[in-house]
Amino acid sequence: FFNDTATTEIYTLSLHDALPIFADTMFYPLAVLLQATAMSVGMPAIFYVDVVLGLINSLFERHLAVDLRRFPSASRNRYWVAAVANVGEGKSPASAPIVALLQEVLAQYPHLAPGTATDRFHYQQNSTSACARDKLRACDGYLTVYSDEAGLCLSSKYAAGGDIDPYRHIDLGLFLNAAHGGEFDFATLRERMQLGARRKPRDPKGPIPEEEGLQLNPTNIHFLSLQQEYYFNHFWVQLASDKPVGLAHRFLFSFGAYENPPPASYSGFFQAVTAPILRRIFELVLVRFGPKVVAARDLTFQITEEQGGSVKEIHELVTAIKRREVTVAQALRLAMPKSMYWLATAMMTSHVLEQLWAWVFCPFFPHEYYIEITDPCFFSAVRFVHRRFLRGHAILAVNAAERAWLVQRPCKLSEEESFFLRVLRGCPQQVLSVDECCACDLDFKRAWLDKSASVDVRLFRLWQLCTDIGLGRLPCGALAANTD
(Lines give C-alpha, C1' and ligand atoms only; values in the text may rest on other atoms or scores of the structure.)
Protein backbone atom coordinates (compact mmCIF):
# COMPACT_ATOMS: atom_id res chain seq x y z
CA PHE A 1 0.00 0.00 0.00
CA PHE A 2 2.64 2.56 1.01
CA ASN A 3 4.82 1.68 -2.01
CA ASP A 4 2.09 2.70 -4.44
CA THR A 5 2.46 6.31 -5.62
CA ALA A 6 -1.25 7.10 -5.87
CA THR A 7 -2.25 5.77 -2.45
CA THR A 8 0.80 7.29 -0.78
CA GLU A 9 -0.18 10.65 -2.23
CA ILE A 10 -3.72 10.48 -0.88
CA TYR A 11 -2.45 9.36 2.53
CA THR A 12 -0.09 12.35 2.67
CA LEU A 13 -2.85 14.71 1.56
CA SER A 14 -5.17 13.36 4.23
CA LEU A 15 -2.62 14.15 6.92
CA HIS A 16 -2.60 17.74 5.72
CA ASP A 17 -6.29 18.25 5.02
CA ALA A 18 -7.90 16.39 7.93
CA LEU A 19 -6.40 18.49 10.72
CA PRO A 20 -8.13 21.85 10.10
CA ILE A 21 -11.56 20.20 9.75
CA PHE A 22 -12.20 17.65 12.48
CA ALA A 23 -9.10 15.51 13.16
CA ASP A 24 -8.27 17.06 16.54
CA THR A 25 -11.85 16.46 17.74
CA MET A 26 -11.52 12.66 17.64
CA PHE A 27 -8.98 9.83 17.64
CA TYR A 28 -6.48 11.11 15.07
CA PRO A 29 -5.43 7.90 13.22
CA LEU A 30 -9.08 7.08 12.54
CA ALA A 31 -9.67 10.65 11.38
CA VAL A 32 -6.84 10.32 8.85
CA LEU A 33 -8.24 7.02 7.58
CA LEU A 34 -11.75 8.42 7.12
CA GLN A 35 -10.52 11.61 5.50
CA ALA A 36 -8.45 9.58 3.01
CA THR A 37 -11.49 7.40 2.34
CA ALA A 38 -13.65 10.44 1.64
CA MET A 39 -11.03 11.84 -0.74
CA SER A 40 -10.89 8.53 -2.59
CA VAL A 41 -14.61 8.65 -3.44
CA GLY A 42 -15.17 12.43 -3.51
CA MET A 43 -17.68 12.63 -0.67
CA PRO A 44 -17.86 14.65 2.58
CA ALA A 45 -15.63 13.06 5.21
CA ILE A 46 -17.90 14.18 8.02
CA PHE A 47 -20.53 11.60 7.00
CA TYR A 48 -18.01 8.77 7.33
CA VAL A 49 -16.95 10.14 10.73
CA ASP A 50 -20.47 10.31 12.15
CA VAL A 51 -21.55 6.92 10.81
CA VAL A 52 -18.43 5.14 12.11
CA LEU A 53 -18.45 6.81 15.54
CA GLY A 54 -22.19 6.23 15.89
CA LEU A 55 -21.89 2.53 15.06
CA ILE A 56 -18.96 2.13 17.47
CA ASN A 57 -21.05 3.64 20.28
CA SER A 58 -23.97 1.37 19.37
CA LEU A 59 -21.77 -1.66 20.18
CA PHE A 60 -21.00 -0.56 23.75
CA GLU A 61 -22.44 -2.47 26.69
CA ARG A 62 -25.35 -0.36 27.91
CA HIS A 63 -23.89 0.12 31.43
CA LEU A 64 -20.55 1.48 30.12
CA ALA A 65 -20.07 5.04 31.39
CA VAL A 66 -17.72 7.93 32.20
CA ASP A 67 -17.63 9.60 35.61
CA LEU A 68 -17.28 13.39 35.13
CA ARG A 69 -17.69 14.08 38.87
CA ARG A 70 -20.37 16.67 38.10
CA PHE A 71 -23.48 14.44 38.09
CA PRO A 72 -25.08 12.16 40.68
CA SER A 73 -24.26 9.19 38.45
CA ALA A 74 -21.85 8.43 35.63
CA SER A 75 -22.67 9.72 32.15
CA ARG A 76 -24.00 7.31 29.50
CA ASN A 77 -24.77 9.70 26.66
CA ARG A 78 -25.61 8.22 23.25
CA TYR A 79 -24.44 9.27 19.78
CA TRP A 80 -27.53 10.86 18.25
CA VAL A 81 -26.60 12.57 14.98
CA ALA A 82 -28.51 14.40 12.25
CA ALA A 83 -26.31 14.87 9.19
CA VAL A 84 -27.52 17.34 6.56
CA ALA A 85 -26.71 17.41 2.84
CA ASN A 86 -28.29 17.95 -0.54
CA VAL A 87 -29.19 15.34 -3.15
CA GLY A 88 -26.17 13.45 -4.47
CA GLU A 89 -23.74 14.57 -1.76
CA GLY A 90 -22.89 11.11 -0.47
CA LYS A 91 -25.40 10.18 2.23
CA SER A 92 -26.18 6.65 1.05
CA PRO A 93 -22.67 5.74 -0.21
CA ALA A 94 -21.22 6.78 3.14
CA SER A 95 -23.53 4.74 5.37
CA ALA A 96 -24.44 1.59 3.41
CA PRO A 97 -20.97 -0.04 3.07
CA ILE A 98 -20.03 0.69 6.70
CA VAL A 99 -23.26 -0.79 8.03
CA ALA A 100 -22.65 -3.84 5.83
CA LEU A 101 -19.19 -4.28 7.40
CA LEU A 102 -20.68 -4.16 10.87
CA GLN A 103 -23.34 -6.73 9.97
CA GLU A 104 -20.59 -9.09 8.78
CA VAL A 105 -18.85 -8.81 12.15
CA LEU A 106 -22.07 -9.38 14.09
CA ALA A 107 -22.86 -12.43 11.96
CA GLN A 108 -19.41 -13.79 12.85
CA TYR A 109 -20.08 -13.30 16.60
CA PRO A 110 -23.87 -13.74 16.96
CA HIS A 111 -23.51 -14.89 20.58
CA LEU A 112 -22.08 -11.46 21.51
CA ALA A 113 -24.82 -9.36 19.89
CA PRO A 114 -28.43 -8.72 20.95
CA GLY A 115 -31.19 -9.86 18.65
CA THR A 116 -30.91 -12.32 15.77
CA ALA A 117 -29.05 -12.30 12.46
CA THR A 118 -32.28 -12.72 10.46
CA ASP A 119 -33.59 -9.48 12.03
CA ARG A 120 -30.28 -7.60 11.54
CA PHE A 121 -29.62 -7.81 15.30
CA HIS A 122 -30.46 -4.48 17.02
CA TYR A 123 -30.21 -2.35 13.88
CA GLN A 124 -33.17 -1.02 11.94
CA GLN A 125 -33.42 1.21 8.88
CA ASN A 126 -36.09 3.92 8.49
CA SER A 127 -38.02 2.77 11.53
CA THR A 128 -41.46 3.74 12.83
CA SER A 129 -42.46 4.14 16.47
CA ALA A 130 -44.23 0.79 16.56
CA CYS A 131 -41.31 -1.10 15.00
CA ALA A 132 -38.75 0.65 17.18
CA ARG A 133 -40.58 -0.19 20.41
CA ASP A 134 -40.92 -3.83 19.41
CA LYS A 135 -37.28 -4.07 18.36
CA LEU A 136 -36.09 -2.43 21.57
CA ARG A 137 -37.89 -4.97 23.73
CA ALA A 138 -36.73 -7.92 21.61
CA CYS A 139 -33.10 -6.75 21.88
CA ASP A 140 -33.19 -6.09 25.63
CA GLY A 141 -32.67 -2.34 25.56
CA TYR A 142 -30.44 -2.08 22.47
CA LEU A 143 -31.60 -0.24 19.35
CA THR A 144 -29.91 1.66 16.53
CA VAL A 145 -32.10 3.36 13.93
CA TYR A 146 -30.14 4.49 10.89
CA SER A 147 -31.38 6.16 7.75
CA ASP A 148 -29.73 7.71 4.72
CA GLU A 149 -32.98 9.57 4.00
CA ALA A 150 -34.52 10.33 7.37
CA GLY A 151 -37.24 12.44 5.84
CA LEU A 152 -39.09 9.17 5.16
CA CYS A 153 -39.69 8.58 8.88
CA LEU A 154 -39.83 12.16 10.24
CA SER A 155 -43.17 13.96 10.47
CA SER A 156 -43.36 17.74 10.05
CA LYS A 157 -46.64 17.66 11.98
CA TYR A 158 -44.75 16.55 15.08
CA ALA A 159 -42.35 19.51 14.79
CA ALA A 160 -45.35 21.84 14.63
CA GLY A 161 -46.85 20.32 17.80
CA GLY A 162 -49.26 17.84 16.22
CA ASP A 163 -49.68 14.08 16.55
CA ILE A 164 -48.10 11.49 14.30
CA ASP A 165 -49.02 8.04 13.07
CA PRO A 166 -46.81 5.54 14.98
CA TYR A 167 -47.10 3.10 12.08
CA ARG A 168 -45.79 5.56 9.47
CA HIS A 169 -43.35 7.82 11.33
CA ILE A 170 -41.12 7.68 14.37
CA ASP A 171 -41.88 9.71 17.49
CA LEU A 172 -38.45 10.69 18.79
CA GLY A 173 -40.05 12.17 21.90
CA LEU A 174 -40.73 8.65 23.18
CA PHE A 175 -36.98 8.14 23.52
CA LEU A 176 -36.18 11.48 25.18
CA ASN A 177 -34.63 10.03 28.35
CA ALA A 178 -32.78 7.36 26.40
CA ALA A 179 -30.52 10.04 24.85
CA HIS A 180 -28.47 9.85 28.06
CA GLY A 181 -28.81 6.12 28.52
CA GLY A 182 -31.89 6.49 30.71
CA GLU A 183 -34.88 4.18 30.96
CA PHE A 184 -37.53 3.48 28.37
CA ASP A 185 -41.04 2.84 29.62
CA PHE A 186 -43.51 0.61 27.74
CA ALA A 187 -46.35 1.52 30.09
CA THR A 188 -49.15 2.13 27.59
CA LEU A 189 -52.63 0.89 28.46
CA ARG A 190 -52.58 -1.78 25.77
CA GLU A 191 -49.20 -3.13 26.83
CA ARG A 192 -50.18 -3.15 30.51
CA MET A 193 -53.28 -5.19 29.65
CA GLN A 194 -51.22 -7.60 27.54
CA LEU A 195 -48.69 -7.98 30.35
CA GLY A 196 -51.45 -8.68 32.87
CA ALA A 197 -52.86 -11.41 30.63
CA ARG A 198 -49.46 -13.05 30.29
CA ARG A 199 -48.94 -13.03 34.05
CA LYS A 200 -52.09 -15.10 34.68
CA PRO A 201 -51.19 -18.80 34.62
CA ARG A 202 -53.44 -20.98 32.52
CA ASP A 203 -53.22 -23.71 35.15
CA PRO A 204 -54.04 -22.36 38.65
CA LYS A 205 -51.86 -25.12 40.12
CA GLY A 206 -49.05 -24.51 37.66
CA PRO A 207 -45.89 -22.44 38.18
CA ILE A 208 -46.14 -18.68 38.38
CA PRO A 209 -44.74 -17.14 35.17
CA GLU A 210 -41.53 -15.17 35.39
CA GLU A 211 -42.04 -11.51 36.19
CA GLU A 212 -41.82 -9.30 33.08
CA GLY A 213 -41.25 -5.58 33.49
CA LEU A 214 -42.40 -2.63 31.44
CA GLN A 215 -39.18 -0.65 31.86
CA LEU A 216 -35.70 -1.03 30.41
CA ASN A 217 -32.95 0.72 32.32
CA PRO A 218 -30.33 1.57 31.22
CA THR A 219 -30.71 1.52 27.45
CA ASN A 220 -28.39 1.91 24.49
CA ILE A 221 -30.45 3.64 21.79
CA HIS A 222 -28.91 5.48 18.85
CA PHE A 223 -30.29 7.49 15.94
CA LEU A 224 -28.05 7.99 12.91
CA SER A 225 -30.13 10.08 10.53
CA LEU A 226 -28.91 11.56 7.26
CA GLN A 227 -31.34 13.88 5.54
CA GLN A 228 -31.64 16.69 3.02
CA GLU A 229 -31.39 20.35 4.01
CA TYR A 230 -35.14 20.79 3.62
CA TYR A 231 -35.75 18.65 6.73
CA PHE A 232 -33.19 20.58 8.74
CA ASN A 233 -35.32 23.72 8.51
CA HIS A 234 -38.77 22.14 8.31
CA PHE A 235 -38.27 19.64 11.11
CA TRP A 236 -35.26 20.25 13.36
CA VAL A 237 -35.26 24.06 13.37
CA GLN A 238 -39.02 24.23 13.80
CA LEU A 239 -38.88 21.57 16.51
CA ALA A 240 -36.28 23.56 18.45
CA SER A 241 -38.38 26.74 18.18
CA ASP A 242 -41.99 25.62 18.49
CA LYS A 243 -41.53 22.54 20.68
CA PRO A 244 -38.59 23.30 23.01
CA VAL A 245 -38.66 20.06 24.99
CA GLY A 246 -34.92 19.54 24.47
CA LEU A 247 -35.24 16.86 21.80
CA ALA A 248 -33.39 18.68 19.02
CA HIS A 249 -30.74 19.78 21.51
CA ARG A 250 -29.79 16.17 22.20
CA PHE A 251 -28.64 15.69 18.61
CA LEU A 252 -25.30 16.41 16.98
CA PHE A 253 -25.74 18.32 13.69
CA SER A 254 -23.22 18.05 10.87
CA PHE A 255 -23.28 19.50 7.39
CA GLY A 256 -21.88 18.20 4.11
CA ALA A 257 -20.11 20.22 1.41
CA TYR A 258 -19.45 20.03 -2.31
CA GLU A 259 -16.31 18.16 -3.35
CA ASN A 260 -14.53 17.48 -6.62
CA PRO A 261 -14.81 14.06 -8.33
CA PRO A 262 -11.76 11.98 -7.35
CA PRO A 263 -9.15 10.53 -9.70
CA ALA A 264 -10.00 7.01 -10.82
CA SER A 265 -6.75 5.63 -9.37
CA TYR A 266 -8.18 6.05 -5.85
CA SER A 267 -11.38 4.09 -6.47
CA GLY A 268 -10.25 0.92 -4.68
CA PHE A 269 -9.10 2.60 -1.48
CA PHE A 270 -12.14 1.67 0.60
CA GLN A 271 -12.04 -2.06 -0.15
CA ALA A 272 -8.25 -2.35 0.01
CA VAL A 273 -7.51 -0.23 3.09
CA THR A 274 -10.54 1.14 4.92
CA ALA A 275 -12.80 -1.93 5.03
CA PRO A 276 -10.30 -4.32 6.73
CA ILE A 277 -9.42 -1.72 9.37
CA LEU A 278 -13.03 -0.80 10.16
CA ARG A 279 -14.04 -4.46 10.27
CA ARG A 280 -11.27 -5.14 12.79
CA ILE A 281 -12.25 -2.12 14.90
CA PHE A 282 -15.87 -3.31 15.06
CA GLU A 283 -14.65 -6.78 16.01
CA LEU A 284 -12.44 -5.46 18.83
CA VAL A 285 -15.18 -3.24 20.25
CA LEU A 286 -17.72 -6.07 20.16
CA VAL A 287 -15.41 -8.59 21.83
CA ARG A 288 -14.03 -6.25 24.52
CA PHE A 289 -16.85 -3.75 25.20
CA GLY A 290 -19.87 -5.41 23.54
CA PRO A 291 -23.43 -5.86 24.85
CA LYS A 292 -22.82 -9.34 26.26
CA VAL A 293 -19.31 -8.85 27.67
CA VAL A 294 -19.69 -9.34 31.43
CA ALA A 295 -16.45 -7.52 32.25
CA ALA A 296 -17.71 -4.35 30.57
CA ARG A 297 -20.95 -4.25 32.55
CA ASP A 298 -19.49 -2.58 35.65
CA LEU A 299 -16.82 -0.60 33.78
CA THR A 300 -16.76 3.15 34.48
CA PHE A 301 -13.98 5.31 33.09
CA GLN A 302 -12.50 7.95 35.39
CA ILE A 303 -11.01 11.37 34.74
CA THR A 304 -7.90 12.70 36.51
CA GLU A 305 -7.82 15.48 39.09
CA GLU A 306 -6.55 18.03 36.55
CA GLN A 307 -9.23 17.02 34.08
CA GLY A 308 -11.81 17.27 36.83
CA GLY A 309 -10.78 20.89 37.43
CA SER A 310 -11.30 21.69 33.76
CA VAL A 311 -14.68 19.96 33.76
CA LYS A 312 -15.68 22.05 36.78
CA GLU A 313 -14.83 25.29 34.93
CA ILE A 314 -16.74 24.15 31.85
CA HIS A 315 -19.73 23.26 34.02
CA GLU A 316 -19.64 26.70 35.68
CA LEU A 317 -19.71 28.37 32.25
CA VAL A 318 -22.63 26.19 31.17
CA THR A 319 -24.47 27.07 34.38
CA ALA A 320 -23.89 30.79 33.84
CA ILE A 321 -25.36 30.58 30.33
CA LYS A 322 -28.27 28.53 31.60
CA ARG A 323 -29.04 31.18 34.23
CA ARG A 324 -28.92 33.90 31.54
CA GLU A 325 -25.84 35.49 33.08
CA VAL A 326 -24.34 35.32 29.59
CA THR A 327 -26.46 36.40 26.61
CA VAL A 328 -26.84 33.77 23.88
CA ALA A 329 -29.65 32.72 21.55
CA GLN A 330 -32.49 30.75 23.15
CA ALA A 331 -31.93 27.62 21.07
CA LEU A 332 -28.21 27.65 21.88
CA ARG A 333 -28.89 28.16 25.59
CA LEU A 334 -31.02 25.03 25.69
CA ALA A 335 -28.20 23.06 24.06
CA MET A 336 -25.48 24.15 26.49
CA PRO A 337 -26.39 21.73 29.33
CA LYS A 338 -26.30 18.85 26.83
CA SER A 339 -22.70 19.71 25.98
CA MET A 340 -21.58 18.07 29.23
CA TYR A 341 -23.08 14.77 28.11
CA TRP A 342 -21.45 15.03 24.70
CA LEU A 343 -18.14 15.73 26.42
CA ALA A 344 -18.42 12.32 28.08
CA THR A 345 -19.44 10.62 24.83
CA ALA A 346 -16.48 11.98 22.86
CA MET A 347 -14.13 11.20 25.72
CA MET A 348 -15.25 7.59 26.06
CA THR A 349 -15.17 6.92 22.31
CA SER A 350 -11.63 8.26 21.89
CA HIS A 351 -10.45 6.40 25.00
CA VAL A 352 -11.79 3.07 23.74
CA LEU A 353 -10.25 3.58 20.30
CA GLU A 354 -6.95 4.55 21.88
CA GLN A 355 -6.89 1.27 23.81
CA LEU A 356 -7.80 -0.88 20.82
CA TRP A 357 -5.80 0.75 18.03
CA ALA A 358 -2.60 -1.14 18.81
CA TRP A 359 -4.49 -4.42 18.30
CA VAL A 360 -6.03 -3.50 14.95
CA PHE A 361 -3.07 -4.84 12.98
CA CYS A 362 -2.56 -8.11 14.87
CA PRO A 363 -4.84 -11.17 15.26
CA PHE A 364 -4.98 -11.06 19.07
CA PHE A 365 -7.26 -9.34 21.56
CA PRO A 366 -6.30 -7.14 24.56
CA HIS A 367 -6.72 -8.55 28.05
CA GLU A 368 -6.64 -5.39 30.18
CA TYR A 369 -8.90 -2.40 30.64
CA TYR A 370 -7.46 1.06 31.24
CA ILE A 371 -9.85 3.03 33.42
CA GLU A 372 -8.20 6.46 33.53
CA ILE A 373 -8.94 8.84 30.65
CA THR A 374 -5.74 10.13 29.03
CA ASP A 375 -5.13 13.84 28.42
CA PRO A 376 -5.21 13.57 24.58
CA CYS A 377 -8.67 11.98 24.77
CA PHE A 378 -9.85 14.69 27.14
CA PHE A 379 -8.52 17.53 24.96
CA SER A 380 -10.06 16.06 21.81
CA ALA A 381 -13.41 15.73 23.61
CA VAL A 382 -13.36 19.41 24.60
CA ARG A 383 -12.66 20.38 20.99
CA PHE A 384 -15.45 18.04 19.85
CA VAL A 385 -17.96 19.87 22.02
CA HIS A 386 -16.73 23.26 20.84
CA ARG A 387 -16.19 22.70 17.12
CA ARG A 388 -18.84 20.11 16.38
CA PHE A 389 -21.68 20.04 18.90
CA LEU A 390 -21.92 23.76 19.74
CA ARG A 391 -21.16 24.82 16.17
CA GLY A 392 -24.09 22.78 14.87
CA HIS A 393 -26.42 24.24 17.47
CA ALA A 394 -25.20 27.76 16.76
CA ILE A 395 -26.37 27.22 13.16
CA LEU A 396 -29.63 25.78 14.50
CA ALA A 397 -30.10 28.83 16.74
CA VAL A 398 -29.62 31.30 13.86
CA ASN A 399 -32.13 29.46 11.69
CA ALA A 400 -34.59 29.27 14.59
CA ALA A 401 -34.31 33.01 15.20
CA GLU A 402 -34.98 33.66 11.49
CA ARG A 403 -37.83 31.10 11.50
CA ALA A 404 -36.26 29.60 8.41
CA TRP A 405 -39.03 27.02 7.85
CA LEU A 406 -41.44 29.85 7.01
CA VAL A 407 -39.23 31.34 4.31
CA GLN A 408 -40.27 29.75 1.03
CA ARG A 409 -39.64 32.62 -1.39
CA PRO A 410 -38.17 31.46 -4.72
CA CYS A 411 -34.60 32.64 -5.13
CA LYS A 412 -32.94 32.95 -8.54
CA LEU A 413 -29.16 33.22 -8.38
CA SER A 414 -26.83 34.33 -11.11
CA GLU A 415 -23.95 32.11 -12.17
CA GLU A 416 -21.48 34.27 -10.21
CA GLU A 417 -23.62 34.14 -7.07
CA SER A 418 -23.96 30.35 -7.32
CA PHE A 419 -20.18 30.07 -7.68
CA PHE A 420 -19.76 32.36 -4.65
CA LEU A 421 -21.99 30.16 -2.48
CA ARG A 422 -20.27 26.96 -3.60
CA VAL A 423 -16.86 28.35 -2.69
CA LEU A 424 -17.97 29.59 0.73
CA ARG A 425 -19.65 26.32 1.52
CA GLY A 426 -16.89 24.03 0.31
CA CYS A 427 -13.81 25.88 1.58
CA PRO A 428 -12.70 24.53 5.01
CA GLN A 429 -9.70 26.87 5.30
CA GLN A 430 -9.45 30.41 6.67
CA VAL A 431 -7.62 31.60 3.55
CA LEU A 432 -9.43 31.56 0.21
CA SER A 433 -7.12 30.69 -2.67
CA VAL A 434 -7.42 29.65 -6.31
CA ASP A 435 -6.75 26.04 -5.29
CA GLU A 436 -9.74 26.16 -2.93
CA CYS A 437 -11.93 27.56 -5.71
CA CYS A 438 -10.81 24.74 -8.00
CA ALA A 439 -11.66 22.18 -5.33
CA CYS A 440 -15.17 23.61 -4.94
CA ASP A 441 -16.13 24.09 -8.58
CA LEU A 442 -15.21 21.73 -11.40
CA ASP A 443 -16.07 24.21 -14.20
CA PHE A 444 -13.79 26.83 -12.65
CA LYS A 445 -10.99 24.25 -12.42
CA ARG A 446 -11.32 23.45 -16.10
CA ALA A 447 -11.26 27.14 -17.00
CA TRP A 448 -8.18 27.64 -14.82
CA LEU A 449 -6.33 24.76 -16.46
CA ASP A 450 -7.29 26.07 -19.91
CA LYS A 451 -6.10 29.57 -18.90
CA SER A 452 -9.45 31.03 -19.89
CA ALA A 453 -10.01 34.79 -19.64
CA SER A 454 -13.21 34.13 -17.66
CA VAL A 455 -11.16 33.10 -14.62
CA ASP A 456 -10.11 36.69 -13.81
CA VAL A 457 -13.67 37.92 -14.23
CA ARG A 458 -15.07 35.26 -11.88
CA LEU A 459 -12.37 35.88 -9.26
CA PHE A 460 -12.98 39.62 -9.36
CA ARG A 461 -16.73 39.07 -9.02
CA LEU A 462 -16.07 36.69 -6.12
CA TRP A 463 -14.01 39.38 -4.39
CA GLN A 464 -16.78 41.94 -4.99
CA LEU A 465 -19.43 39.71 -3.41
CA CYS A 466 -17.20 39.11 -0.38
CA THR A 467 -16.68 42.86 -0.04
CA ASP A 468 -20.42 43.57 -0.28
CA ILE A 469 -21.13 41.52 2.84
CA GLY A 470 -17.96 42.53 4.69
CA LEU A 471 -16.45 39.09 4.56
CA GLY A 472 -12.68 38.67 4.76
CA ARG A 473 -9.93 41.07 3.73
CA LEU A 474 -7.59 41.43 0.77
CA PRO A 475 -3.88 41.12 1.70
CA CYS A 476 -1.86 44.28 1.05
CA GLY A 477 0.56 42.40 -1.18
CA ALA A 478 -2.25 41.48 -3.56
CA LEU A 479 -2.97 45.13 -4.33
CA ALA A 480 0.68 45.85 -5.04
CA ALA A 481 1.04 42.81 -7.27
CA ASN A 482 -2.13 43.56 -9.27
CA THR A 483 -2.20 47.32 -9.65
CA ASP A 484 -3.92 47.04 -12.99
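Worth knowing before you read on, the calculation uses all heavy atoms, side chains too, and leaves out hydrogens, waters and symmetry mates. Note that the numbering runs from 1 along the sequence shown for the chain.
The structure places CD1 of I303 at 14.0 Å from CD1 of I371, a figure rounded to the nearest 0.5 Å. Between the CG atom of L252 and the CG atom of L224 there is a distance of 10.5 Å, given to the nearest 0.5 Å. Atoms CG and CZ, on L101 and F270 in that order, are 4.5 Å from each other to the nearest 0.5 Å. Within the model, atoms CG of L59 and CG of L64 stand 11.5 Å from one another, a figure rounded to the nearest 0.5 Å. Here NZ of K292 is found 13.0 Å from CZ of R297. Values are rounded to the nearest 0.5 Å. Residue D375 holds its CG atom at 5.0 Å from CD of Q307, rounded to the nearest 0.5 Å.
A side-chain donor-acceptor contact under 3.5 Å links S58 and Y123. Side chain to side chain, D171 and H169 fail the donor-acceptor criterion of an N or O pair below 3.5 Å. At a cut-off of 3.5 Å, with distance as the only test, a side-chain donor of Q355 or H351 sits close to an acceptor on the other residue.
Side-chain atoms of S241 never come within 3.5 Å of backbone atoms of Q238 as a donor-acceptor pair (strictly under, hydrogens ignored). Looking only at distances, a side-chain donor or acceptor of Y142 sits under 3.5 Å from a matching main-chain atom of R62. Within the 3.5 Å criterion, the main-chain N or O of A83 finds a donor-acceptor partner in the side chain of Q227. Using modelled atom types, no side-chain atom of T349 and backbone atom of A346 make a donor-acceptor pair closer than 3.5 Å. Side-chain atoms of K135 come within 3.5 Å of backbone N or O of D119 as a donor-acceptor pair. Within the 3.5 Å criterion, the main-chain N or O of L53 finds a donor-acceptor partner in the side chain of N57. In this structure, the side chain of S225 does not engage the main chain of Y146 through any donor-acceptor pair within 3.5 Å. Judged purely by atom type and a 3.5 angstrom limit, H222 uses its side chain to pair as donor or acceptor with the backbone of Y79. R387 places no side-chain N or O within donor-acceptor distance of the main-chain N or O of T25, the cut-off being under 3.5 Å.
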Side-chain donor-acceptor pairs of residues 103-114 under 3.5 Å, sequence neighbours excluded:
residue, atom, partner, partner atom, Å
E104, OE1, R279, NE, 3.2
E104, OE1, R279, NH2, 3.3
Y109, OH, E283, OE2, 2.3

Residues 392-400 side chain polar contacts: donor-acceptor under 3.5 Å, at least two apart:
residue, atom, partner, partner atom, Å
H393, NE2, F251, O, 2.7
N399, ND2, I395, O, 2.7

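Aromatic ring centres of F301 and Y369 lie farther apart than the 6.0 Å criterion allows.
The ring pair (Phe, Tyr, Trp, His ring centres under 6.0 Å) search around F232 returns F253, F255, not counting sequence neighbours. For N126, the side-chain hydrogen bond (donor to acceptor under 3.5 Å, both in side chains) partners two or more places apart in sequence, or in a different chain, are S147. By the ring pair (Phe, Tyr, Trp, His ring centres under 6.0 Å) test, Y341 is found to be paired with F71, H180, residues two or more places apart in sequence or in another chain being considered. Partners of S254 under the side-chain hydrogen bond (donor to acceptor under 3.5 Å, both in side chains) rule, at least two apart in sequence or in another chain, are D50. Listed by chain and residue number, T37 satisfy the side-chain hydrogen bond (donor to acceptor under 3.5 Å, both in side chains) test with T274 (two or more places apart in sequence, or in another chain). Partners of T219 by side-chain hydrogen bond (donor to acceptor under 3.5 Å, both in side chains), not counting sequence neighbours: none found. When the ring pair (Phe, Tyr, Trp, His ring centres under 6.0 Å) test is applied to F223, the partners found at least two apart in sequence or on another chain are W80, F175. Remark: K312 engages R70, E316 in a side-chain contact (heavy atoms from CB on, under 4.5 Å) (not counting sequence neighbours). Listed by chain and residue number, W357 satisfy the ring pair (Phe, Tyr, Trp, His ring centres under 6.0 Å) test with F361 (two or more places apart in sequence, or in another chain).
Looking at R76 and E61, no side-chain N of the basic residue comes within less than 4.0 Å of a carboxylate O on the acidic one, giving no salt bridge.
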Working for side chain to side chain contact (heavy atoms under 4.5 Å, CB included), residues I46 and R388:
CA-CA 10 Å; I46 200 66; R388 299 226 37 216; 3.4 Å; yes
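In R168, the CZ atom is not crowded: 12 or fewer heavy atoms of neighbouring residues, nucleotides or ligands sit closer than 6.0 Å.
Applying the salt bridge (charged side-chain N to carboxylate O under 4.0 Å, His left out) test to residues at least two apart or on different chains, the pairs with a partner in residues 240-250 are D242-R403.
For R280 and F364, the positive end is not near the middle of the six-membered ring at less than 6.0 Å and at most 45° from its axis.
Scanning both residues, S127 and Q124, for their nearest heavy atoms gives OG-OE1, 2.7 Å.
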